[in-house]
Amino acid sequence: MKQKAVALKYDAQTSSAPKVTAKGEGFTAQNIIKIAKLHDVPIKKDEDLVELLSKLDIDREVPAEMYKAIAEVFSFLYKMTKK
């Protein structure tokens, strides 16, 4: 199975929910992860969540029915960064 990655962005000032900013598999996924590491962006490995998020269009807000899963990601990020 090819590696997959999805990047999210959330700005509470401009959006009501996180948005998918990049997604891909194989070489594209590797580049998403490489860029995240270069910019010290925490990475959470969750194959099931990536599978769900990869079905969304880029620049689309995450739908409300996925908020619980996304809340787990934000909890993870908070623990990693304390921000």
Side-chain angles (χ1 to χ4, degrees):
M1 188 164 97
K2 284 187 178 180
Q3 182 178 28
K4 291 184 178 183
V6 175
L8 296 175
K9 179 180 180 179
Y10 178 59
D11 182 347
Q13 304 294 332
T14 61
S15 301
S16 58
K19 288 184 180 182
V20 173
T21 56
K23 65 179 183 173
E25 58 183 58
F27 181 72
T28 302
Q30 291 171 359
N31 278 335
I32 291 168
I33 293 166
K34 179 180 173 183
I35 290 167
K37 288 179 179 178
L38 283 172
H39 294 278
D40 295 322
V41 173
I43 297 170
K44 179 169 177 34
K45 294 180 182 181
D46 185 328
E47 292 179 18
D48 294 333
L49 184 56
V50 167
E51 197 63 41
L52 288 171
L53 291 172
S54 66
K55 294 176 182 171
L56 299 176
D57 292 332
I58 291 177
D59 207 35
R60 168 143 184 246
E61 287 188 355
V62 173
E65 58 268 16
M66 294 179 76
Y67 284 2
K68 184 174 188 251
I70 298 302
E72 292 174 16
V73 172
F74 282 113
S75 174
F76 164 81
L77 293 174
Y78 179 76
K79 289 175 186 171
M80 294 281 299
T81 65
K82 301 293 185 212
K83 294 180 185 178

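For the residue pair T21 and I58, the shortest heavy atom distance occurs at O-CG2, 3.8 Å. Shortest non-hydrogen contact noted between K23 and T28 is O-CG2, 3.8 Å. Residues S15 and Y10 share a closest heavy-atom pair of O-CE1, 3.8 Å. Nearest heavy-atom pair across E25 and K4 is OE1-CE, 3.4 Å. The minimum heavy-atom distance between V62 and A17, with the atom names listed, is O-CB, 3.8 Å.
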Run the side chain to side chain contact (heavy atoms under 4.5 Å, CB included) check on L53 and I70 step by step: do they pass? CA-CA 10 Å; L53 291 172; I70 298 302; 4.0 Å; yes
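The shortest distance between side-chain heavy atoms of L8 and V20 falls below 4.5 Å. The shortest distance between side-chain heavy atoms of L49 and K44 does not fall below 4.5 Å. Looking at heavy atoms from C-beta onward, V41 lies out of side-chain contact with I43 at the 4.5 angstrom threshold.
No more than 12 heavy-atom neighbours from other residues, nucleotides or ligands sit within 6.0 angstrom of NZ on K9.
At distances below 3.5 Å, at least one donor-acceptor pair connects side-chain atoms of S54 with backbone N or O atoms of V50. Between the side chain of K2 and the main chain of A29, no donor-acceptor pair closer than 3.5 Å is present.
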